[in-house]
There are 2 protein chains.
Amino acid sequence: MVMNMTDNEQKPNSNTKKYRTPDGVPADIVMFTLTKRERKTVTKTLPIRELKVMLIRRRSWPCAGMWALPGGFCRESESIYDAAKRELKEETGVDGGHLEYLGVYSTPGRDPRGWIISQAFYALVEEWMLEHRQAADDAEEVGLFTIEEALEELELAFDHRDIILDAYRKIQHQMLQTTIAKQFLPEHFTLSELYQVIQTVVPEFKEPNFIRKITSTRSRQGILEEVRDENGKPLNSNQYSQRPAQLYRFTDHAPLLSIYT
Amino acid sequence: MVMNMTDNEQKPNSNTKKYRTPDGVPADIVMFTLTKRERKTVTKTLPIRELKVMLIRRRSWPCAGMWALPGGFCRESESIYDAAKRELKEETGVDGGHLEYLGVYSTPGRDPRGWIISQAFYALVEEWMLEHRQAADDAEEVGLFTIEEALEELELAFDHRDIILDAYRKIQHQMLQTTIAKQFLPEHFTLSELYQVIQTVVPEFKEPNFIRKITSTRSRQGILEEVRDENGKPLNSNQYSQRPAQLYRFTDHAPLLSIYT
DNA sequence: AGAATAGTGTCTTTCAGACAGTATAAG
DNA sequence: CTTATACTGTCTGAAAGACACTATTCT
């Protein structure tokens, strides 16, 4: 590589080693999934949903025995995002899933192995994608935890608690302001399902007239649309209820909100 | 440093150099400022405001002669955020200013000097803070450009065009959804000033009944409050208008928006 | 008086929020 | 017939949006 070190602003150091360089830049991924568990009741009902995080128990130094985020070091030939995508695929065996950048974690001393600058991502995957991992990789213990368990009961490696907390806040924010809810729903869904998904991720979200508001206010038009068959007849589902409910899908429109209007 | 490389997930490399490590992790800063220019009219009026970006013309390889974001390499003893803060202070000579993380830029080959992973920030500073830089540093040419100039007319170094574009989008988003407008305003301001600041950053923002909405709708209560003197009498300003206008200040409350409610 | 900016009155349409009532289907 | 979920009717008060009108000050 040609080097010319007269620039007084940015001094790289790959050959001269005049300056210390980082020992590695891993991509760590907070992998969220929404589990679905049948409720054993007499009548049809929505399943119980829970937001969970996948963690891996470390087997070696440092932080041996503690739970950590899956991750891997970035290579020179790829971008950080590509590294995260590769890692996500390695963990799930699948290409799918929503992957988004979260932030950088670089506090000095955060990793005893050296100067390690973590780039954090979060992913939304489906539950079955994680079963692959649990089966395939016998080398490591894999666990699915609720956020509360992960944040309060587990011993977490490095600063991974901070990362998980930041990811949790971000996903809550995004759940209310973007249409990522679609990542947790089938193509067609009922409004009760949507409401449940939102509430699972953001328990504070309460909206007594949810169905009414979605269906009848003009400013919400365009986020969702009714699903109809070829003849234009509305499509229903009674999978989770006695009375069939109208099915909806997301459009690709998401409104831009403002605190001033 | 003790090293134990049995972990098959994360392999650092500071001593063994078995793996290639990055050649440097700089913090690059998109420094925005809102310039104020008096309009030469007969009557009192609001000044002309413009959103500008500070850039530095590079003097040496690589990208010599091109305009680039100010930035500097992170040291092992500091976090990325601290590096950005240090850089901001070096550029302005002042500790103040709003500094926020933007994202990571790591496309392979983005910097001909090697494997350089940029961490981008954006800062909101006041115009006078930049004058310091222009005077003090005779070594480098400093320029203030509008976003349009920066994005369309200038030859920009590395992938700094992408970074500036991302920063611009983010600041527009933040202007509508948070109260960063306060970074561009004095402690006390009139609603016309606020409206002008928002429109300067987000030209699409149009709100004919702006004053009415801010002052009379309950959901906006709490973002702003009227400024009053010790006796509880409303404080006015006629700095920019014939008729005195009520002064406001931001509270520290910012509402959380949702596309569903 | 005229100009320029700050704000108010008023009217219509839409939305929010509450809560009772009806609709559809399963057991 | 009961129960459980999915809606709809209806009413009140708040907010949006438009536009004419008044208010305060400077020249």
Side-chain angles (χ1 to χ4, degrees), chain A residues 38-49 176 188-197 199 205-224 226-227 233-248 255-261, chain B residues 38-49 176 188-199 205-224 226-228 233-248 255-261:
Chain A
E38 300 251 323
R39 218 181 307 219
K40 37 206 161 306
T41 51
V42 207
T43 54
K44 285 191 270 191
T45 180
L46 284 169
I48 298 173
R49 285 184 219 249
L176 296 182
H188 301 161
F189 51 87
T190 66
L191 294 182
S192 302
E193 275 188 286
L194 171 58
Y195 187 54
Q196 192 201 21
V197 165
Q199 279 213 313
F205 185 81
K206 293 268 160 48
E207 202 53 51
N209 269 332
F210 185 71
I211 293 180
R212 159 84 37 109
K213 282 175 102 159
I214 291 291
T215 55
S216 77
T217 63
R218 208 149 44 189
S219 55
R220 246 79 65 185
Q221 299 299 357
I223 303 179
L224 298 176
E226 296 178 0
V227 180
K233 256 211 350 228
L235 273 179
N236 291 335
S237 156
N238 64 347
Q239 187 179 5
Y240 299 125
S241 62
Q242 335 303 17
R243 172 170 168 177
Q246 174 67 48
L247 288 170
Y248 287 83
L256 179 57
L257 303 172
S258 155
I259 60 174
Y260 298 111
T261 75
Chain B
E38 300 251 321
R39 219 182 304 221
K40 36 204 162 304
T41 51
V42 206
T43 55
K44 285 192 270 192
T45 180
L46 284 170
I48 297 173
R49 287 185 217 248
L176 296 181
H188 301 162
F189 51 86
T190 66
L191 294 182
S192 302
E193 275 188 285
L194 171 58
Y195 187 55
Q196 192 201 21
V197 165
I198 298 173
Q199 281 213 312
F205 184 81
K206 294 267 160 53
E207 201 56 51
N209 269 332
F210 185 71
I211 293 181
R212 158 84 37 108
K213 283 175 100 160
I214 291 291
T215 55
S216 77
T217 64
R218 212 156 34 197
S219 55
R220 246 80 62 186
Q221 299 299 357
I223 302 179
L224 299 176
E226 295 180 0
V227 181
R228 297 166 178 280
K233 251 199 12 211
L235 273 179
N236 291 335
S237 157
N238 64 348
Q239 186 179 5
Y240 299 125
S241 61
Q242 333 308 7
R243 171 171 170 175
Q246 174 65 50
L247 288 171
Y248 288 83
L256 179 58
L257 303 171
S258 154
I259 60 173
Y260 298 111
T261 77

In terms of the nearest nucleotide of DNA chain C, which residue is placed more toward the 5' end: B:A245 or B:T261?
-> B:A245
A:S192 vs D:dA6: side-chain N/O to OP1/OP2 distance below 4.0 Å | yes
With sugar-phosphate meaning primed atoms plus P, OP1 and OP2, does B:T41 contact a base, only sugar-phosphate, or nothing at under 4.0 Å between heavy atoms?
-> nothing
In terms of heavy-atom contacts, A:L46 and A:R39 come closest through O-NH2, 3.1 Å
Donor-acceptor contact present, side-chain A:E193 to main-chain A:T190, <3.5 Å | yes
So where does chain A start and stop touching DNA chain C, 5' to 3', when the test is distance under 4.0 Å to a non-hydrogen atom?
-> C:dT14 to C:dA26
Residues which pass side chain to side chain contact (heavy atoms under 4.5 Å, CB included) with B:R243, listed by chain and number, not counting sequence neighbours | none
Assign A:T215 to base, sugar-phosphate, or nothing according to its heavy-atom contacts below 4.0 angstrom with the strands shown.
-> nothing
Please write out each protein N/O paired with an N/O of nucleotides 12-14 of chain D under 3.5 Å, distance rounded to 0.1 Å.
none

Under the ring-ring contact (aromatic ring centres under 6.0 Å, His included) test, which residues partner B:F210, sequence neighbours left out?
-> B:Y195
Sequence neighbours left out, what passes salt bridge (charged side-chain N to carboxylate O under 4.0 Å, His left out) with B:R228? Give chain and number order.
-> B:E226
Indicate for each nucleotide in nucleotides 19-27 of chain D, in 5' to 3' sequence, whether protein heavy atoms under 4.0 Å reach the base (B), only the sugar-phosphate (S), or nothing (-).
-> B---BBBS-
May I ask you to say what A:T190 touches in the nucleic acid, namely base, sugar-phosphate or nothing, with a heavy-atom cut-off under 4.0 Å?
-> nothing
Atom pair distance, as rounded to whole Å: CD in B:E207 and C1' in D:dA16 | 9 Å
Listed partners of B:I223 passing side chain to side chain contact (heavy atoms under 4.5 Å, CB included), at least two apart = A:I259, B:T179, B:R220, B:F250, B:P255
Mind checking what makes side chain to side chain contact (heavy atoms under 4.5 Å, CB included) contact with A:S258, not counting sequence neighbours?
-> A:Y260, A:T261, B:L176, B:F205
Check: B:T215 side chain, B:R212 main-chain N or O, donor-acceptor pair, under 3.5 Å | yes
Applying side chain to side chain contact (heavy atoms under 4.5 Å, CB included) to A:Q239 and not counting sequence neighbours gives A:S237
Distance col, row B:I214:CD1 vs B:Q246:CD, nearest 0.5 angstrom, shows 13.5 Å
Set of side chain to side chain donor-acceptor pair (under 3.5 Å) partners for A:Q242, sequence neighbours left out | none
